[in-house]
Student: 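If you scroll down you'll find the structure; I have some questions about it.
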Amino acid sequence: MRELKVLGIATVLILTCLLVTTAPARSWADTEAFPDRPEPLAVTAGRDRVTLAGASARVVVIHAKDFARYNARNVPEVLAAAGLHVSDINANQRSYQVDLRGFGRSAPASLLVMVDGRRLTLPQSEGTDWSVIPFDQVSRIEIISGPRTATLYGDNAAVAVVHIITRRGDTEGQGRISGHYGSYNNVGGAVDLGGSRGKAVYDLSANYLHNEGYRDNSQAEAFDTNGRLTLAPSDIVHFHFNGGFHTDQDRLPGAIKVSAFDTGVRPSESLRPQDYTDTQDYFLGTAVEFFFPSNDTFRLDGVYRIRNIDVRLIRPDDTEFFAESEIETISLSPYFAFQEGFGDVSNSIVFGADFFDTKEKIADAAGHQGHLEKYNVSYYVHDDLGVTPQLTLSGGYRYDRATFDLSEAGEDAPGTTYYTKTERRLSGDAFDVGISYAVGLAKAYAGYGRSQRYPLLEEFFNRRDFRLNTALRAQMVHHWEAGAQMPMGDHLILDVNLFSVQTEDEIIFDSSTAGFRNADADVQRTGFEIGWMYRRQNWAAGAIYTYTEARIDGGRYDCSTVPDVPRHRAAVHVGYTFPVGLFMGLNSLHVGQRYFVDDLANSFSRQNDYTVVNAKITYTFRGIDCFLHLNNIFNETYSAYGIIGGTPREPAVFPSGSFNAVAGVTMRYPAGGGK
């Protein structure tokens with residue numbers, strides 16, 4: 001950890017020196033100005049820029065200026081305020097589970113996360129590492145749910161896409177320096193700068209975080225650096241280059257059996273004092289864009305990423321488990337976007353292809369090895385036809401095929417070796433149809449789609465005995481969605497969304513074998529979301545309530561509720577900005593009861609509901625922002641995440657943090673920039 005701390009501090013100092021020697025300039029260039037009404041454009045809705053009114057889906061756009069109202073410290077906390085089910089498992093802001101539409105344990109495989117068009121979600125059990133996202137550089141977050149996501153983005157986008165767009169510099173010498181300190185020895189800093197030189201636009205950033213965590217053995221330390229360069233030699237062609245490095249060292253406090261609290265164990269304790277994980281993550285990306293006079297666009301993206309993870313655990317029998325894995329990903333994504341109009345009729349059509357090659361190597365201290373590779377090829381087309389200025393019809397189709405090369409090697413007993421190599425080929429298609437009708441800010445929409453989700457690489461592999469499980473099939477997803485966004489006067493907007501998701505051959509975790517299998521029944525998820533947003537003068541308030549019914553229909557667990565899916569969930573925020581630059585706000589999150597993870601039979605009691613209230617105060621003066629986060633101000637005792645495990649099987653929880661505070665300051669250069 002000492003080397004990581006030195007590396008982080010040194011890089012922050014170097015970028016700080018570069019910042020203070022750069023010429024003054026205007027503020028950071030957000031892609032669009034922040035309006036009092038919803039954002040008129042969305043990137044993720046159509047893989048090219050389309051209007052929110054024309055998207056036959058629910059699209060939520062959250063700008064950086066809203067983060068203060070939500071009291072958010074990272075992207076998952078923003079998503080929690082927007083209605084997604086978010087659990088901070090280790091209570092140290094490092095290990096988040098994010099769910100939309102009630103998928104529980106398998107949620108990371110059904111929610112695609114991207115940063116500036118680059119996929120963050122990996123086809124392995126971890127899904128998305130939220131800690132690699134440079135939160136201080138986020139300009140806005142777009143959330144799109146509905147059937148069209150799988151058609152446009154393929155595997156891992158079965159129900160929704162979260163697209164994170166970072167800031168872009170447009171002039172010379174702009175930047176920010178920030179630092180914070182808080183409870184649990186939570187200390188961190190960030191520096192970013194950007195601007196332009198002639199035809200080049202650049203951005204550089206570095207972030208460092210150290211957090212002791214609420215619980216024993218929950219320390220986390222991380223360092224990130226990212227860079228981006230855009231060259232625009234003409235209005236016809238643009239070249240983009242970007243890259244980043246992330247490293248972290250996180251301790252794993254583990255779960256505490258509920259029965260252990262009766263023996264005097266404190267929630268802040270850890271019964272796994274030696275477990276940890278180390279991660280290094282690198283990526284390089286490049287893209288070229290061609291802009292044609294006819295308003296058409298061609299873009300080609302390529303990304304190379306390599307991620308290394310070391311994990312050390314002490315099993316209940318006091319034996320050590322050590323494993324290391326390396327995940328290497330290469331992707332190539334060309335697409336064409338055509339936008340044509342014929343009188344009042346408009347037409348936006350996108351077609352392209354995605355090529356992904358992911359290799360994962362897993363090894364443990366005993367010499368067992370697994371080599372897993374997924375090669376994915378898909379082709380898609382999607383059309384948004386504006387029949388009238390108000391009425392839009394949409395539809396799309398994707399063909400997808402994946403080849404899995406899987407091998408295992410090791411010893412069953414001293415001197416007895418085994419080696420197995422298997423190839424699996426899976427293919428399928430996805431399609432969606434939709435309709436939307438918009439008048440001004442009012443909009444109604446409906447859609448249906450069908451898609452498939454391939455097994456993750458590690459779902460083919462059992463880490464308990466390092467043996468392959470090659471019988472898995474892709475799960476089929478049927479997705480219905482309808483909703484409306486309705487202005488109620490000049491200052492209030494109401495948002496209603498109804499959804500139904502049915503999965504066939506759903507891939508579930510079988511705790512008895514520590515492996516995965518296809519369910520012997522369908523899983524039905526239905527529910528609705530209702531939210532409102534109010535803004536008038538210096539007041540801003542909003543709320544969202546989500547009802548989710550997730551049940552297994554038939555088979556061994558007929559009528560059981562999917563674990564870790566709360567039926568009721570609500571988020572509320574309210575804030576006021578004083579004329580002197582002072583903002584004061586409150587936000588609250590309520591999560592209802594839900595069954596413990598892996599309790600598919602619903603044979604144990606449900607995990608308790610909880611309500612957490614947070615407060616935030618910020619003050620802005622001449623380019624300096626000071627803030628104070630007050631988290632869990634009523635000191636609620638709760639656990640955001642719980643599992644069934646052990647022998648005999650019983651509930652265990654990951655206790656969440658008590659009341660804590662974080663204070664910090666951000667300095668923008670020049671004053672008034674960086675918002």
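Note that the structure is predicted; figures quoted are calculated from it, not measured. No hydrogens, no waters, no symmetry mates; every other heavy atom, side chains included, goes into these values. The first residue of the sequence shown is numbered 1, and numbering continues consecutively from there.
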Student: Check the pair Asp429 / Arg450 against salt bridge (charged side-chain N to carboxylate O under 4.0 Å, His left out), numbers first and verdict last.
Tutor: CA-CA 8 Å; Asp429 53 11; Arg450 187 194 72 186; 2.6 Å; yes
Student: Any chance you could lay out the side chain to side chain donor-acceptor pair (under 3.5 Å) test for Thr166 and Asp116, step after step, and finish with the verdict?
Tutor: CA-CA 7 Å; Thr166 59; Asp116 296 327; 2.6 Å; yes
Student: Mark yes or no for whether Arg594, through its side chain, and Pro563, through its backbone, hold a donor-acceptor pair below 3.5 Å.
Tutor: no
Student: Within 45° of the six-membered ring axis of Phe499 and under 6.0 Å from that ring's centre, is NZ or CZ of Arg58 located there?
Tutor: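 That pair does not qualify as a cation-pi contact.
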Student: Does the side chain of Val98 come within less than 4.5 Å of Val162's, by heavy atoms?
Tutor: no
Student: Under 3.5 Å, side chain of Ser270 to main-chain N/O of Arg272, donor-acceptor pair present?
Tutor: yes
Student: Given Gln219 and Glu221, is the side-chain contact (heavy atoms from CB on, under 4.5 Å) satisfied, shown in steps?
Tutor: CA-CA 7 Å; Gln219 303 95 324; Glu221 190 166 24; over 6 Å; no
Student: Can you name the one residue among Tyr335, Phe338, Phe298 that meets ring-ring contact (aromatic ring centres under 6.0 Å, His included) with Phe351?
Tutor: Phe338
Student: Have Ser500 and Thr526 got a donor and an acceptor in their side chains that come within less than 3.5 Å?
Tutor: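 Thr526 and Ser500 do not have a side-chain donor-acceptor pair below 3.5 Å.
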Student: Look at Arg119 together with Asp354 and state whether they make a salt bridge at an N to O cut-off of under 4.0 Å.
Tutor: no
Student: Given Phe103, which of Val565, Leu111, Val501, Val562 fulfils the side chain to side chain contact (heavy atoms under 4.5 Å, CB included) condition?
Tutor: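 Among Val565, Leu111, Val501, Val562, the one meeting side chain to side chain contact (heavy atoms under 4.5 Å, CB included) with Phe103 is Val501.
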Student: Please name the residue in the list Arg424, Arg517, Arg453 that meets the salt bridge (Lys or Arg N to Asp or Glu O under 4.0 Å) test with Glu459.
Tutor: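 Between Glu459 and the candidates, salt bridge (Lys or Arg N to Asp or Glu O under 4.0 Å) is satisfied uniquely by Arg453.
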Student: Which heavy atom of Ala255 sits nearest a heavy atom of Ile643, and at what distance?
Tutor: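 Result for this residue pair: CB-CD1, 4.2 Å.
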Student: Apply the test salt bridge (charged side-chain N to carboxylate O under 4.0 Å, His left out) to residues Asp564 and Arg105: give CA-CA distance (whole Å), side-chain angles for both, the deciding distance (0.1 Å), then the verdict.
Tutor: CA-CA 7 Å; Asp564 197 35; Arg105 184 184 185 119; over 6 Å; no
Student: Apply the test salt bridge (charged side-chain N to carboxylate O under 4.0 Å, His left out) to residues Asp155 and Lys374: give CA-CA distance (whole Å), side-chain angles for both, the deciding distance (0.1 Å), then the verdict.
Tutor: CA-CA 12 Å; Asp155 203 13; Lys374 174 188 178 185; 2.6 Å; yes
Student: Should Glu328 and Lys359 count as an ion pair when the cut-off is N to O under 4.0 Å?
Tutor: no
Student: Any chance the rings of Tyr282 and Phe245 have centres within less than 6.0 Å?
Tutor: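 When the ring centroids of Tyr282 and Phe245 are compared, they turn out to be within the sub-6.0 Å range.
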Student: Quick one, Val653 with Phe596, criterion side-chain contact (heavy atoms from CB on, under 4.5 Å). Give me CA distance, side-chain angles, the key distance, then yes/no.
Tutor: CA-CA 9 Å; Val653 297; Phe596 288 85; 3.7 Å; yes
Student: May I ask you to decide if Leu406's main-chain N or O and His371's side chain share a donor-acceptor pair within less than 3.5 Å?
Tutor: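 Between the backbone of Leu406 and the side chain of His371 there is no qualifying donor-acceptor contact (under 3.5 Å).
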Student: Check whether any side-chain heavy atom of Ser427 sits under 4.5 Å from a side-chain heavy atom of Tyr399, and report yes or no.
Tutor: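 Sidechains of Tyr399 and Ser427: in contact.
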Student: Show your reasoning for whether side-chain contact (heavy atoms from CB on, under 4.5 Å) applies to Glu324 and Asn308.
Tutor: CA-CA 7 Å; Glu324 57 184 5; Asn308 295 287; over 6 Å; no
Student: Applying side-chain contact (heavy atoms from CB on, under 4.5 Å), run through Gln524 and Arg551 and close with a yes or a no.
Tutor: CA-CA 5 Å; Gln524 184 70 44; Arg551 290 194 175 275; 5.6 Å; no
Student: Rounded to the nearest 0.5 Å, how far apart are CZ of Phe461 and CG of Leu372?
Tutor: 6.0 Å
Student: Do Asn92 side-chain atoms and Arg94 backbone N/O form a donor-acceptor pair below 3.5 Å?
Tutor: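 Looks like yes, one N/O pair under 3.5 Å.
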Student: If I take atom CZ from residue Arg467 and atom CD from residue Glu408, how far apart are they, to the nearest 0.5 angstrom?
Tutor: 4.5 Å
Student: Are the side chains of Leu457 and Thr358 in touch, meaning some heavy atoms are under 4.5 Å apart?
Tutor: yes
Student: Are a donor atom and an acceptor atom from the side chains of Ser218 and Asn90 found within less than 3.5 Å of each other?
Tutor: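 No pair is found: no donor N or O on one side chain lies under 3.5 Å from an acceptor on the other.
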Student: Under a 3.5 Å cutoff, is there a donor and acceptor pairing between the side chains of His382 and Asp432?
Tutor: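 Side-chain D/A pair, His382 to Asp432: present.
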Student: Stepwise, does the side chain to side chain donor-acceptor pair (under 3.5 Å) test hold for Asp400 with Asn376?
Tutor: CA-CA 7 Å; Asp400 197 300; Asn376 199 185; 2.7 Å; yes
Student: Output all residues satisfying ring-ring contact (aromatic ring centres under 6.0 Å, His included) with Phe283, sequence neighbours left out; order by chain, then residue number.
Tutor: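 With neighbours one apart ignored, the set is empty.
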Student: Does the side chain of Leu332 come within less than 4.5 Å of Leu300's, by heavy atoms?
Tutor: yes
Student: Name all residues meeting the side chain to side chain donor-acceptor pair (under 3.5 Å) criterion together with Asn74; count only those two or more places apart in sequence or in a different chain, and write none if there are none.
Tutor: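 So Asn74 forms a side chain to side chain donor-acceptor pair (under 3.5 Å) with Tyr96.
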Student: Taking Asp522 for its side chain and Asp553 for its backbone only, find out whether a donor-acceptor pair lies under 3.5 Å.
Tutor: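 Flag not set: sc Asp522 to bb Asp553 has no pair under 3.5 Å.
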Student: Without swapping roles, check the side chain of Thr286 against the backbone of His240 for a donor-acceptor pair under 3.5 Å.
Tutor: yes
Student: Just checking, is any N or O donor in the side chain of His85 or Gln97 under 3.5 Å from an acceptor N or O on the other one?
Tutor: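 Result is no, nothing qualifies.
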Student: For Glu373, what residues pass the salt bridge (Lys or Arg N to Asp or Glu O under 4.0 Å) criterion, not counting sequence neighbours?
Tutor: none
Student: Do Asn469 and Phe460 touch side chain to side chain, with heavy atoms closer than 4.5 Å?
Tutor: no
Student: Heavy atoms, side chains only, cut-off 4.5 Å: are Ile143 and Leu84 in contact?
Tutor: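 In contact.
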Student: For the side chain of Asp281 and the backbone of Arg307, is there at least one donor-acceptor N/O pair under 3.5 Å apart?
Tutor: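 No, Asp281 side chain to Arg307 backbone: no donor-acceptor pair under 3.5 Å.
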Student: What's the separation between atom OH in Tyr448 and atom NE2 in His479, rounded to the nearest 0.5 Å?
Tutor: 11.0 Å
Student: Do any N or O atoms from the side chain of Arg305 and from the backbone of Leu120 form a donor-acceptor pair under 3.5 angstrom?
Tutor: yes
Student: I want to check something: taking the side chain as every heavy atom from C-beta on, are Ser131 and Asp248 in contact at a cut-off of under 4.5 Å?
Tutor: yes
Student: For the backbone of Leu600 and the side chain of Ser560, can you confirm whether one donor and one acceptor N or O come within less than 3.5 Å of each other?
Tutor: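 Yes, Ser560 side chain to Leu600 backbone: donor-acceptor pair under 3.5 Å.
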Student: In plain terms, say whether Arg312 and Asp310 are close enough for a salt bridge, that is, a side-chain N and a carboxylate O under 4.0 Å apart.
Tutor: no
Student: Return the NE2 to OG1 distance between His246 and Thr225, rounded to the nearest 0.5 Å.
Tutor: 12.5 Å
Student: Is any side-chain heavy atom of Glu77 less than 4.5 Å from a side-chain heavy atom of Val86?
Tutor: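 SC-SC contact between Glu77 and Val86 ruled out.
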Student: Strictly distance-based, threshold 3.5 Å: is any side-chain N or O of Ser110 a donor or acceptor partner for the main-chain N or O of Ala158?
Tutor: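 No; zero donor-acceptor contacts below 3.5 Å.
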Student: Rounded to the nearest 0.5 Å, what separation is found between the CD1 atom of Ile507 and the CG atom of Leu456?
Tutor: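 So the gap between those two atoms works out to 7.0 Å.
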Student: Mind checking the CG-CG spacing from Asn207 to Asn226? Nearest 0.5 Å is all I need.
Tutor: 7.5 Å
Student: Walk me through whether Asp598 and Arg649 qualify under salt bridge (charged side-chain N to carboxylate O under 4.0 Å, His left out).
Tutor: CA-CA 10 Å; Asp598 296 336; Arg649 283 164 52 81; 5.8 Å; no
